[in-house]
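Input: a single structure, listed below in structure tokens.
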Amino acid sequence: MSLIDKKTPIDSFHGSRCPIPNIHRVYRTMKVTCTARTRLVCARVGVNGTNAARLSSKASLAAPLRANGRVQPQSQQRSLTVSVSAVADGAVLDRPLRVAVIGGGPSGACAAETLAKGGVETFLIERKMDNCKPCGGAIPICMVDEFDLPMEIIDRRVTKMKMISPSNREVDVGKTLNDKEWIGMCRREVFDDYLRNRASGLGANLINGLYMGMEQEGSDGPITVRYNKYEEGSKVGVPSTLEVDLIIGADGANSRVAQNIDAGEADYAIAFQERIRINDEQMEYYKDLAEMYVGDDVSPDFYGWVFPKYDHVAVGTGTVVNKTAIKQYQQATRDRSQVKTEGGQIIRVEAHPIPEHPRPRRFKGRVALVGDAAGYVTKCSGEGIYFAAKSGRMAAEAIVEYSEQGKKMVGPNAIKSYLSKWDKKYWTTYKVLDILQKVFYRSNPAREAFVELCESDYVQKMTFDSYLYKTVVPGTPLEDIKLLTGTVASLLRGNALRSAASKGVNVSFGSKSNEQKVTAAN
């Protein structure tokens, strides 16, 4: 039975392993909690007072203090002052480097996996282990091999796409794909769960917890992570702490880690999606087909989509400029796809913020941001899964490299190395897609021009090659000139139609009669 045919028990991996680190040789003062339970254990094994307090702060991760099966109130715990080490960057450690990854989506899970494989003691903190983020769930084919993904977690292999203009003109996209090329469609609850479990299997400690904040004394001091830990089946979190050397913030568009390091404001889109179960005949139509709708009815600055999943379709849209009207845009997307999804049953409704651009600051000291927390979602296409996973891996690889497999302390230099490589590799991609969105999503005539351009085999090949393999594909000079000429012509035509529309002439792109109306209006 494959992963998509069964439900993985979400609570099966909520526990965490928490080895007790060696006591540091250099000390400075801070407060931790020492429980009666820990003092009893320490008395039996002969641990001194300072080390007992250190043991207490770590033991609280594995299990809260209980008396008669109940968590003891804070009034029954005592606080005492103990010493904890500060270690400079580059210093050899007498224990593995410790990193907390906040957020268990693709960016956090891939960061945790890479860290754990690289000899770093890793803690992955995620509150919603069954989270279903409302995104299209599309992944490029290169991601399958690059991240060693099993086919069982991919619901559909899309080989055809329809671009549908504001006037409902349809253009078939995918003619240039060969029989081994496709776009993967996945459900995030299955995809993310697999990545987290794989990280856990490699040694990462999974913690079902809600990140609350952090404190650090001095640039070389350890970072204390505050979070609410949730036991299996519990709806009330137990305040807990964890001491680490670095933090990777992978906690999404509303990142608390980003807020803690003053990463700056980042505008965001609202993505709204409905999972709709349709009949077998309708599902057969969508078995290897995805649809993208453009028009100011479905979104003033994005697109609507119908993407196939395992036994249903995901219908959604998004917007930055008019978030309060998101349900109106969603209804328009459903209306335009109604013929093919009529009679379907809504089985799930989802909404989530999506970052619109990278944050002004993506690190501070020993804290780095990755994925949506860093703002790594592309304009125009709205792609984020691949870039989230890639950024998490790249940040972790830099930490592993600079720490020499977890043996040395690292800091800003390792994080700067990750960011430098990231910007060098992907800055052009983000910039080009930003320009395309500004050019083609600004009006309905411009969107009509965009759909018209998608008919070109050259445009399709360039677009799919760049998307599927995450490389900027060089074109041929002659074809590039033709593309530029065609783009300018389409935009000029679109501007003429927009001008006519502003004069009260009702136009639909591509109609000869409407071209005559434009001429008469001028």
Side-chain angles (χ1 to χ4, degrees), residues 161-175 269 290-306 316-323 325-326 328-339 356 378-383 431-460 462-464 467 479-522:
M161 295 188 71
K162 282 188 181 293
M163 294 290 300
I164 304 171
S165 76
S167 62
N168 283 325
R169 175 183 182 179
E170 297 184 358
V171 170
D172 292 323
V173 181
K175 295 178 289 184
E291 292 179 330
M292 295 174 62
Y293 294 85
V294 292
D296 55 17
D297 58 334
V298 298
S299 175
D301 54 340
F302 205 55
Y303 62 86
W305 65 83
V306 180
T317 186
T319 181
V320 176
V321 301
N322 194 3
K323 301 179 182 68
I326 187 64
Q328 171 188 325
Y329 300 136
Q330 174 67 12
Q331 185 60 52
T333 304
R334 289 192 59 194
D335 290 344
R336 288 180 63 181
S337 63
Q338 184 176 10
V339 174
E356 182 66 5
T378 60
K379 293 285 189 73
C380 195
S381 66
E383 182 188 2
K431 194 63 179 177
V432 168
L433 291 173
D434 185 17
I435 293 171
L436 287 176
Q437 183 175 38
K438 290 176 180 176
V439 171
F440 290 113
Y441 282 18
R442 72 185 193 279
S443 67
N444 274 355
R447 295 181 185 101
E448 294 281 1
F450 175 61
V451 173
E452 180 183 50
L453 285 173
C454 289
E455 280 192 307
S456 164
D457 287 354
Y458 182 67
V459 170
Q460 291 192 26
M462 294 286 287
T463 301
F464 271 109
Y467 172 79
E479 292 296 333
D480 284 343
I481 292 173
K482 291 181 180 179
L483 175 59
L484 177 61
T485 302
T487 302
V488 172
S490 294
L491 288 173
L492 289 175
R493 192 173 178 209
N495 286 332
L497 291 173
R498 181 169 59 177
S499 176
S502 67
K503 296 178 181 180
V505 179
N506 185 21
V507 297
S508 295
F509 193 86
S511 168
K512 182 178 179 180
S513 60
N514 284 327
E515 291 178 358
Q516 293 171 344
K517 292 178 183 178
V518 172
T519 302
N522 291 330

(request) With the side chain counted from C-beta on, respond yes when Arg336 and Glu291 share a heavy-atom pair under 4.5 Å apart, and no when they do not. (result) no

(message) So does Ser167 get a backbone contact from the side chain of Glu448, meaning a donor-acceptor N/O pair under 3.5 Å?
(response) yes

(message) Please determine whether side-chain contact (heavy atoms from CB on, under 4.5 Å) holds for the pair Phe302 and Thr319, giving the CA-CA distance in whole Å, both sets of side-chain angles, and the decisive distance to 0.1 Å.
(response) CA-CA 6 Å; Phe302 205 55; Thr319 181; 5.7 Å; no

(message) Can you tell me how far apart CD (Glu356) and CG (Asp434) are? Round to the nearest 0.5 Å.
(response) 8.0 Å

(message) Testing the basics here: between Pro300 and Val321, what is the closest heavy-atom pair and its distance to 0.1 Å?
(response) CG-CG2, 3.3 Å

(message) Give me the atom names and distance for the closest heavy-atom approach of Ile326 to Gly318.
(response) CD1-CA, 3.9 Å

(message) Can you give me the closest heavy-atom contact between Val439 and Ala446, atom names plus distance?
(response) O-CB, 3.6 Å

(request) Kindly assign one of parallel, tilted or perpendicular to the pair Phe450 and Phe440, based on the angle between their ring planes and the thresholds 30° and 60°. (result) tilted

(message) Hydrogens and angles aside, do Asp301 and Ser299 bring a side-chain donor and acceptor to less than 3.5 Å of each other?
(response) yes

(message) So which atom in Gly295 and which in Pro166 form the shortest heavy-atom distance, rounded to 0.1 Å?
(response) CA-CG, 3.8 Å

(request) Return yes if some donor-acceptor pair links the side-chain N/O of Tyr293 with the main-chain N/O of Asn168 below 3.5 Å, else return no. (result) no

(request) Examine distances only and state if a side-chain atom of Gln460 and a backbone atom of Gly174 form a donor-acceptor pair shorter than 3.5 Å. (result) yes

(message) Applying side-chain contact (heavy atoms from CB on, under 4.5 Å), can you list everything that pairs with Asp296, at least two apart in sequence or on another chain?
(response) Asn444, Arg447

(request) For residues Val298 and Tyr329, report the shortest heavy-atom separation together with the two atoms involved. (result) O-CB, 3.0 Å

(request) Nearest 0.5 Å please: distance from the CD atom of Gln437 over to the OG atom of Ser381. (result) 9.0 Å

(message) Working note: Glu383 + Tyr467, criterion side-chain contact (heavy atoms from CB on, under 4.5 Å); need CA distance, chi angles, decisive distance, verdict.
(response) CA-CA 10 Å; Glu383 182 188 2; Tyr467 172 79; 3.4 Å; yes

(message) I need the Lys431 NZ to Lys379 NZ distance, nearest 0.5 Å.
(response) 8.5 Å

(message) Please report the interatomic distance OG1(Thr317) to CH2(Trp305), rounded to the nearest 0.5 Å.
(response) 6.0 Å

(request) State, to 0.1 Å, how close Val320 and Ala269 come at their nearest heavy-atom pair, and which atoms those are. (result) CG2-CB, 3.4 Å

(message) If the condition is salt bridge (Lys or Arg N to Asp or Glu O under 4.0 Å), which residues does Lys175 pass it with, not counting sequence neighbours?
(response) Asp457

(message) Could you measure the distance from the CD1 atom of Ile164 to the CE atom of Met292? Nearest 0.5 Å is fine.
(response) 10.0 Å

